[in-house]
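Here is the structure we will look at, set down as structure tokens.
Heavy atoms only: backbone and side chains are in, while hydrogens, waters and symmetry mates are out. Nothing fancy with the numbering, it's 1 onward along the sequence. Just so you know, ligand 1 is whichever comes first in the structure, and atom 1 is the first atom listed for that ligand.
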Amino acid sequence: SKRLGVCAGEGSAWGSARPLMKVIEISGHGVPWLLGTFYGLCQSDSSAAREVLLNLLFALLLDLVLVAVVKGLVKRPRPTHNKMDMFVTISVDKYSFPSGHATRAALVCRFILRHLVLAVPLRVLVVLWALIVSISRVMLGRHNMTDVLFGLLLGYALYSVVEHCWLSPLSAPALFALWSH
Ligand SMILES: CC(C)=CCC/C(C)=C/CC/C(C)=C/COP(=O)(O)O
């Protein structure tokens with residue numbers, strides 16, 4: 001993983017690509033996804049869109065909690081070549097196993113592919129985005145390969161849990177009442 005950390009610092013082999021990698025990092029960060037989903041939920045005027053967005057919000061929160069619990073249990077330190085200059089972190093983000101960005105990328109990717117009607121090129125872009133976010137974690141020096149691979153598996157599996165516990169106006173009427181205009 002250290003050899004793949006080619007954007008770990010400005011002086012690294014691909015150091016000039018670090019700013020771009022950090023933009024990719026923000027595209028998979030929890031804050032924009034949570035705020036964007038919450039904003040969409042407040043703005044949506046169709047009950048179908050509200051149902052999907054409420055479940056996405058639930059999935060993102062579940063993902064944050066699960067990753068925080070696993071990071072807190074495993075306590076694997078980040079690679080020594082990582083520079084801790086990440087946008088908004090919480091205390092357990094000093095640990096690296098699993099990659100929160102990789103779990104979110106896999107989870108969001110499955111969610112979008114299942115619930116949004118998209119043309120094939122856009123579907124391919126969504127999958128590529130998830131892969132690039134994941135690979136960039138190692139390139140930035142934030143993670144070891146195993147953190148990212150496990151994160152992808154965890155996010156993939158977590159989507160199945162979300163699908164199983166799908167919130168609907170029938171199963172969670174009180175939640176939906178909060179958002180109905
Ligand atoms: C509402 C609330 C508690 C928001 C917190 C959002 C937040 C700070 C998420 C952390 C995202 C993050 C830095 C994950 C770490 O990703 P790794 O891939 O480096 O494990």
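- In this structure, the protein non-hydrogen atom closest to atom 16 (O) of ligand 1 is His101 ND1, 2.8 Å.
- Taking a cutoff of 4.0 Å between a charged side-chain nitrogen and a carboxylate oxygen, Arg18 and Glu25 do not qualify as a salt bridge.
- Applying the 6.0 Å contact sphere to CZ of Phe87 captures more than 12 heavy atoms from other residues, nucleotides or ligands.
- For Lys71, a nitrogen or oxygen atom sits less than 3.5 Å from a nitrogen or oxygen atom of ligand 1, counting backbone and side chain alike.
- With no hydrogens or angles considered, no side-chain donor-acceptor pair links Asp147 and Ser99 at under 3.5 Å.
- Inclusion of Arg78 in the set of residues having an N or O under 3.5 Å from an N or O of ligand 1 is warranted.
- Checked by distance only, ligand 1 and Arg142 stay at 3.5 Å or farther apart across all their nitrogen or oxygen atoms.
- Within the 4.5 Å cutoff, the side chain of Asn55 has heavy atoms near those of the Phe111 side chain.
- The distance criterion of under 3.5 Å between nitrogen or oxygen atoms is met by Gly100 with respect to ligand 1.
- Counting non-hydrogen atoms of neighbouring residues, nucleotides and ligands closer than 6.0 angstrom, the CH2 atom of Trp166 exceeds 12 such neighbours.
- Between His29 and ligand 1, not a single N/O pair is under 3.5 Å apart.
- Atom NZ of Lys2 has 12 or fewer heavy atoms from other residues, nucleotides or ligands within 6.0 Å.
- Shortest contact from atom 19 (O) of ligand 1 to any protein heavy atom: Arg137 NH2, 2.7 Å.
- Residue Met84 does not touch ligand 1, judged by heavy-atom distances below 4.0 Å.
- Cation-pi geometry between Arg110 and Tyr156 is met: under 6.0 angstrom from the ring centre, within 45 degrees of the axis.
- When ring centroids are compared, Trp33 and His101 stay outside the 6.0 Å threshold.
- Taking atom 9 (C) of ligand 1 as the reference point, the nearest protein heavy-atom neighbour is Leu64 CD2, 3.6 Å.
- In Leu34, the part holding a heavy atom less than 4.0 Å from any atom of ligand 1 is the side chain.
- A donor-acceptor distance shorter than 3.5 angstrom exists from the side chain of His143 to the backbone of Ser96, with no hydrogens or angles considered.
- Numbered from 1 in the order shown, with element, the atoms of ligand 1 that lie under 4.0 Å from a heavy atom of Arg104 read 11 (C), 14 (C).
- Within the listing of ligand 1, atoms 8 (C), 13 (C) sit less than 4.0 angstrom from a heavy atom of Val88.
- Here's the thing with Ser99: one of its N/O atoms is less than 3.5 angstrom from an N/O atom of ligand 1.
- In this structure, a donor-acceptor pair under 3.5 Å is present between the side chains of Thr146 and Arg76.
- Summary of contacts: the protein heavy atom closest to atom 14 (C) of ligand 1 is Asp93 OD1, 3.7 Å.
- Neither the backbone nor the side chain of Lys94 has any atom closer than 4.0 Å to an atom of ligand 1 (non-hydrogen atoms only).
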